[in-house]
Amino acid sequence: MIIHSLLFAAAFAAKAKMLVVLENERQKNEYATVLNQLNEKFETYYKLADDADLHLVKYGKNLYQNAIIMAPSTEEFGGDVKTKTFVDFTQNGGNLMVFASSNIGDAIRELGAEFGIEYDETGTKVMSHQLYDFERDALNHDHSRFQLKASESFLGGSQPIVGPAGYAGLLIDNAVAMKIDKKNTLAFPIVKCNSYCYSWFPNEPITEYPMAVGRDITLVAGIQLRNNARIAFFSSMSMFSNKLIRQKFITYWNNDKNEHAREQNSVNKFSMHVFGWATNNSGTFRIAVFKHNLVDKENQRNDFYYINEEIEVTAIVQEHVEDNWEPASLLFENLWLDFHRLDPFVRMQFENQGGGKFTAKFKVPDTYGVFNFIVWQTKLGHTYLEHKEQITVRPPRHDMYERFIASAYPYYFSSFSMMLGVTLMSFAILYHRDVSPAKKNN
Amino acid sequence: MSKADVQSGTVAGMSRLGVSSLLTLVVLLGVSLLGFFSRLFAVIRFESIIHEFDPWFNYRATYQMVTTNFYDFLNWFDELAWYPLGRIVGGTVYPGLMITAGGIHYVLNALGFTTHIQDVCVFTAPIFSGLTAIATYFLTKELWNAGAGLFAAAFIAIAPGYISRSVAGSFDNEGIAIFALQCSFFLWIRAMRTGSMFWGIMTAFCYFYMVSAWGGYVYIINLIPLHVFCLLLMGRYESKLYVSYTTFYCVGQLMAMNIPFVGFQPIKTSEHMASAGVFALLQCYGFLDYLRSKLGEKEFKRAFYLFVTICAGAIFAAVVGLTMLGVVAPWSGRFYSLFDTGYARIHIPIISSVSEHQPTMWTSFITDLHFLPAVAPAGLWYTIRHYDSAKIFLVIYAAFSCYFAGIMVRLMLTLTPVVCMLGGIALNVTFDHFFGEDNEDSQKEKAKKDAKKSEDTEEEEATPLAIKLTVVMALTGLLCQFAVHCTYITSNYYSSPSVVLASSRPDGSRNIIDDYREAYYWLRTNTDDDATIMSWWDYGYQISGMANRTTLVDNNTWNNSHIAMVGRAMASNEDDAYEIMQELGVDYVLVIFGGLLGYSGDDINKFLWMVRIAEGEHPNHIKEANYFSAQGQYTVDKSMSKTMKNCLMYKLSYYKFGDVRTHAQMSGFDRVRNVEIGHKNIKLKHLEEAYTTEHWIVRIYRVKKPSNKSRKLSHKLTQRKKKTKVARKGRKGVLSTTIPAAKGANTRQKASFEL
C-alpha cells in the first residue's frame with residue numbers, strides 16, 4: 001500500500017521525496033531547524049533506523065530520491081537495509097547524506113568504508129585546544145566542542161557546494177575523525193580541520209599515534225559518483241542540533257584586540273548550501289541541446305563532414321533550479337570541446353554566448369576517419385557533463401577537387417601537341433610517297 | 001590437323017573443317033559448362049551463400065555499389081571498418097570484381113530476370129571459370145594446336161587447384177582474375193605473333209581488366225617484359241615485337257593508372273620497373289637496329305651488341321639509382337617475401353600468419369593437380385624442343401609459376417593454368433602419336449611436311465598397334481581417374497563455405513554447425529547500431545558483412561599498428577586490456593573457440609601470431625617467450641606460464657569452460673589441444689559474457705562501463721578497543737545508544753506527526 005501510494009506520489013508530486021532516518025523520535029525536535037529546511041523543499045518521510053519496515057530500494061527501484069541518515073549510532077539498520085542497499089540506492093541515482101558522531105555505530109562505519117571513507121574508532125572525538133568552548137570545558141579535558149574558521153577549513157574556489165564566501169565559521173561538536181582514502185578519486189573534503197586538531201579518546205592519555213591529526217581530519221566530505229549521485233558525509237551530527245545552531249555567537253580570543261570576539265555561527269547557511277548540493281539542487285547541469293553544422297549553414301547536411309570544412313558546434317547548458325531546468329547561470333563559465341579520433345585533434349573552449357548557450361567554430365582536421373565530439377567536463381561541485389557524438393570525416397569526393405590547375409597546363413599542352421603531331425605524322429606517312437624506295441629497287 | 005586440311009583445299013577437307021570446328025565448339029561448350037557445374041557442389045551441399053572471409057567484403061562492396069551508384073561506390077567511406085580510422089573503399093580496392101558482378105546483375109535485371117545481387121555474386125566465379133576454360137583453349141591453341149587447347153580447357157575446367165578459389169560463393173578477385181590472366185596472355189601471344197597494334201591494344205585492355213580485378217596483375221606486367229627480354233637476348237628481335245610490346249606497354253600502363261588503388265604505381269614502384277626498363281631497352285634496340293639496317297656495315301654488327309649492352313646497363317643503373325634516391329619505391333614487403341622465404345616471418349609476421357601464405361606442401365600438388373605435374377614436364381620438353389618466339393613464353397610462364405607455387409600455397413592458383421596447358425600439350429602429342437595416324441590423307445600430308453622438316457619423325461610409322469592401344473587405354477584410364485579425383489576433391493574439400501561447417505555423425509549423416517551465423521545474427525539483432533566489436537582481424541569482414549557492426553581490424557590488413565594494438569589487448573592481462581579497449585572504444589569482444597567441438601582454426605591456435613604481431617609493435621609490453629611454459633611449449637594445461645594464464649585471450653576462450661563436463665571423468669578438456677585446461681575458475685572483472693553459440697565456437701563478451709561507485713576501503717579499519725556486539729533480532733535494527741532519559745516534558749510525548 002505504502003509503496004503504491006509512494007509511486008503515485010512520485011508520478012504527481014512536484015517535490016522530490018526524501019527519507020529521513022532518525023535514531024529516535026526525540027531527534028525530530030532536537031534537529032527541528034535543519035529538518036524544517038528539508039520539509040520545505042522535499043516531501044519528507046521519517047523512519048527510525050531500527051524500524052523493521054525500513055526500505056530504500058524495492059524491486060530494484062529507489063523509493064526516494066534522497067535519503068538522509070541521521071542515526072550515527074546504528075549498529076544495524078532495520079528492515080532490509082544493509083550496506084549494499086545504500087550502494088544500490090546510489091547506483092540507481094539516489095543521493096545520500098550520512099551523519100556520524102563520536103558514538104558511531106558499525107552500520108555507519110561500514111557504509112563509509114563502502115564509499116572509501118574511514119572513521120576513527122567509536123568513542124574518539126576530534127578535539128582542539130585552541131578555540132574550544134571554555135565555558136563548557138573549563139575543567140575537563142574533553143575539548144570536543146570547538147570552533148573552526150571558515151577561511152582555514154572550508155573548501156575554496158568558486159564551487160556550488162558551500163557557495164560563495166561570507167562564512168564566519170562553524171562550531172564543531174562531538175565529531176568523529178574522518179579520513180578520505182587516497183585511492184578514492186571521487187571523494188573530496190568539504191570541511192577540513194585546522195592543524196590544531198587531533199582525534200583521540202577524551203580524557204585519556206595518548207598511547208599511540210592517532211588515526212588522524214590536523215589537516216588530515218575531514219569533517220565534511222563529498223562524493224559524486226559517476227552517475228552524478230551525490231553523497232555527503234558529516235562527521236558530527238550534534239553541530240546541526242537546534243541548540244548549537246541557536247548558539248549564534250561563538251567566542252574566541254581575538255589577538256589583535258586582546259578580547260573575546262563574538263561572531264555568527266554559519267552552520268545554518270552552511271547546511272542549507274551543502275544539503276542543496278547533496279540533493280542535486282545546486283551545481284546540477286545538463287547539456288540540453290548539442291548540435292553541429294557547417295558554419296552558417298544550419299539546415300544542411302550534418303551527418304558527415306569532409307576534411308577541412310569549417311563547422312560550428314552549439315551546446316545549450318541548463319541548470320537544475322527548483323525542480324526546473326533553466327538556462328545555466330553565470331556560475332557555469334566555460335565548456336570545453338574535444339574533436340577526437342584516438343587522440344584529440346581539436347581541443348578548444350566554447351565561446352560563452354550567455355544564457356547557457358555555448359558555441360565553438362573550428363576547421364575539421366585534414367584527416368579522415370570516425371571522429372567523436374566529446375564534452376567531458378568534471379568540475380568540482382558540478383555534475384559531470386558528458387556528451388559524445390560520433391561523426392564521420394570523409395575525404396573529398398572525386399569531383400570535389402579542382403578540375404583544371406595552372407601547374408598542369410604544360411601537361412595539357414604536351415598531350416594535345418602530341419595528338420596533333422601523331423595526326424600530322426600519320427598524314428605524312430600515308431600520303432607522302434618517298435622516292436627513295438624506287439631508287440633502291442632499281 | 002585443321003590447318004593441313006585448309007591447305008589441301010579439297011571439298012572433303014572443307015567439310016571436315018566444318019565438322020572439326022563444330023566438334024571443337026561442342027567440346028569447348030561442354031567443357032565450360034562442366035567447369036561451371038562442378039563448382040556448384042558448394043550450393044548443393046550447403047546453400048547459396050558467400051564463402052570465407054574476403055568474399056564477404058566483396059559482396060558487401062558490390063551490394064553497396066548496386067544499391068547506390070558507381071560514383072558513390074568510388075567515394076564510399078566505410079565507417080564500419082577500421083574504427084576509428086575508417087577506410088576509403090574506392091581507393092583501396094580492385095573494383096573489377098564488383099563492377100563485373102554489378103554489371104551482370106544490371107544486365108539480368110534489365111532483361112527482366114529479377115535476381116538478387118547475392119545470387120549473382122555466388123555464381124560469378126563459376127561463370128568465369130567457364131570462360132577461363134575457353135581462354136585457355138585459345139591460348140594453348142595459339143601456342144600449340146587446337147587439340148592441346150581442348151585438353152588444356154578440359155583440365156583447367158575441373159582442376160582442383162583452380163576450383164579451390166572459384167567454387168560458387170567464393171566471390172573473390174582470383175575467380176575472375178585467372179580468366180583475365182589467361183586472356184591477356186592469349187592476346188599477347190596473338191599480338192607478338194601478328195605484330196598488329198590492334199592485338200597489342202586488345203592485350204592492354206585485357207590487362208586493364210586484370211589490373212582492375214586483382215593485385216596479381218604484377219605477374220603479367222613482369223612476365224611479358226621478361227618474355228620480350230628473353231627474345232632480345234636470343235636475338236629474336238623483330239619489328240612485330242617492337243610494335244606489340246610498345247602498344248601494350250603504353251596503353252596498358254596508362255589505363256592501369258586509372259584504377260585509383262594502383263594510381264601512380266606503374267611509374268613509381270620497383271615492381272613495375274622491369275617493364276619500364278624493357279620498354280626503354282626495346283626503344284634503344286629498335287633504334288640501333290634501324291641504324292644498322294640503314295648503315296649495313298659489317299663493323300657495325302660488333303658495335304651493335306656493345307651499344308645494346310651499354311644501353312641495358314644504363315637503364316638498369318638508372319632504375320637502381322632512382323630507387324636509391326627514393327624516386328622509385330623499393331619492392332614492397334609482399335613482393336620481397338616471394339624471393340626470400342624467411343623475410344616475411346621476421347619482418348612482416350602479419351603476412352606469414354596467413355595460412356595461405358605458407359610454403360606449399362608437396363601433397364597439395366597431387367591434391368590440386370593429380371597427374372598433371374607428372375605429364376607437364378613432358379609438355380615442357382616438347383615446347384622447348386619445338387621452340388619459337390611464342391613458345392618461349394610458355395617456358396617462362398611455367399618456370400615462374402612453378403617457383404611461386406612452391407613459395408606460397410595461394411600461388412598454386414597461377415601454376416594450375418600453365419600445368420594444364422603443358423599437360424594438354426603432352427597428352428595431345430602423345431595421342432597424336434599413338435592415335436591420330438590411322439587417317440591416310442593426313443598421314444600423307446604429314447609425311448610430306450615432316451620430310452621437309454626433319455628425318456627423325458620417320459620412326460613414328462613403326463609403332464605397333466598393340467603398343468598404341470595400350471598407351472591410349474592407359475592414358476584414357478588416367479584421364480578418367482583425373483576426373484574422379486577432381487570431382488571428389490571438389491565436393492569434399494573445396495566446397496565448404498567455412499562460414500558454415502559440416503561434420504559427419506557416426507551414422508554417416510551430415511551435421512551442420514552454424515555457429516558463426518548464429519553469433520553474427522545475435523550481434524545484428526541485439527547490439528546497438530554503433531557498437532564496436534573487437535575481434536582478431538580474420539573475422540572483420542564477416543562481422544561487418546553479416547552482423548553489420550563496426551570492427552576495429554579486418555582482413556584488409558593495411559594498418560599493422562592497429563592490428564598490433566588489438567593483438568596487444570588480446571595478449572595483455574584484463575586490466576591493461578581494459579585500458580586499451582577503453583581507448584579504442586570497444587563495446588564487445590568476439591573470440592573464436594574450438595575447444596568444445598575440436599575445431600582447430602580457433603583463436604587460441606592463432607594466438608601466438610597475435611602475440612608476435614603485438615610484439616613487433618610493442619616490444620616493451622609483449623614478449624613471446626612469456627607465453628610459453630617452463631618447458632618452452634605453447635600449452636594451455638597446468639604447466640602454462642602466468643602471463644598466458646592471465647591474458648585476455650585465455651580468459652575469454654576458457655571462461656566457464658572448466659565447468660563443462662567434456663568427458664566422463666574430466667571437465668574442461670580442450671579437444672583441439674587435447675589437454676585439460678590448467679585454469680578453470682576464471683573470473684572476469686571488466687567484461688561479462690554476452691553470448692556463446694551452441695557449440696561454443698563464437699563467444700561474445702560485453703565490455704563493462706567503468707563502475708559508478710567510488711572505491712571501497714581496501715585496508716582494515718582502525719580498532720583499538722574491543723566492542724561487544726549486540727545481536728540483531730528479527731528485522732529490527734540495532735542502535736548502540738539507548739534513548740536518553742527524559743529531560744523535558746515534550747520529549748516523553750508521542751510524536752505529533754506520523755511516520
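Nothing here was measured: the structure is a model prediction, and the numbers come from that model.
Proximity to chain B (any heavy atom under 4.5 Å) is shown, for A:Leu54, by neither the backbone nor the side chain. Using a 4.5 Å cut-off between heavy atoms, A:Glu208 contacts chain B through its side chain alone, with no backbone atom that close. Heavy atoms closer than 4.5 Å to chain B are found in the side chain of A:Gln390, but not in its backbone. If you measure heavy-atom distances from A:Pro72 to chain B, you find no contacts under 4.5 Å at all. In this structure, the portion of B:Leu74 lying under 4.5 Å from any heavy atom of chain A is its side chain and not its backbone. Residue A:Thr90 does not touch chain B at all, counting heavy-atom pairs closer than 4.5 Å. No part of A:Thr367 comes within reach of chain B, as not one of its non-hydrogen atoms sits under 4.5 angstrom from that chain. At a 4.5 Å heavy-atom cutoff, the contact between A:Val87 and chain B is made by side-chain atoms alone.
Ring geometry for A:Phe304 versus A:Tyr306: interplanar angle over 60°, hence perpendicular rather than tilted (30 to 60°). Ring planes of A:Phe345 and A:Phe371: perpendicular class, angle over 60° (limits at 30 and 60°). Using bins of under 30°, 30° to 60° and over 60° for the plane-to-plane angle, the ring pair A:Tyr119/A:Phe233 lands in the perpendicular bin.
If you tally non-hydrogen atom pairs under 4.5 Å between each of B:Pro84, B:Pro260, B:Gly86, B:Gly585 and chain A, the highest count goes to B:Pro84. Looking only at heavy-atom pairs under 4.5 Å with chain B, the residue among A:Pro395, A:Ala49, A:Gly123, A:Gly112 that has the most is A:Pro395.
Between A:Phe77 and A:Phe86, the ring center distance clears the sub-6.0 Å criterion.
Counting non-hydrogen atoms of neighbouring residues, nucleotides and ligands closer than 6.0 angstrom, the OH atom of B:Tyr290 reaches no more than 12 such neighbours.
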> Could you walk me through whether A:Asn372 and A:His340 pass the side chain to side chain donor-acceptor pair (under 3.5 Å) check?
Replying inline: CA-CA 5 Å; A:Asn372 279 300; A:His340 191 99; over 6 Å; no
>> Run the side chain to side chain donor-acceptor pair (under 3.5 Å) test on A:Asp120 and A:Ser199 for me, step by step, so that the C-alpha distance in whole Å, both residues' side-chain angles and the decisive distance to 0.1 Å come before the verdict.
In response: CA-CA 8 Å; A:Asp120 202 357; A:Ser199 166; 2.5 Å; yes
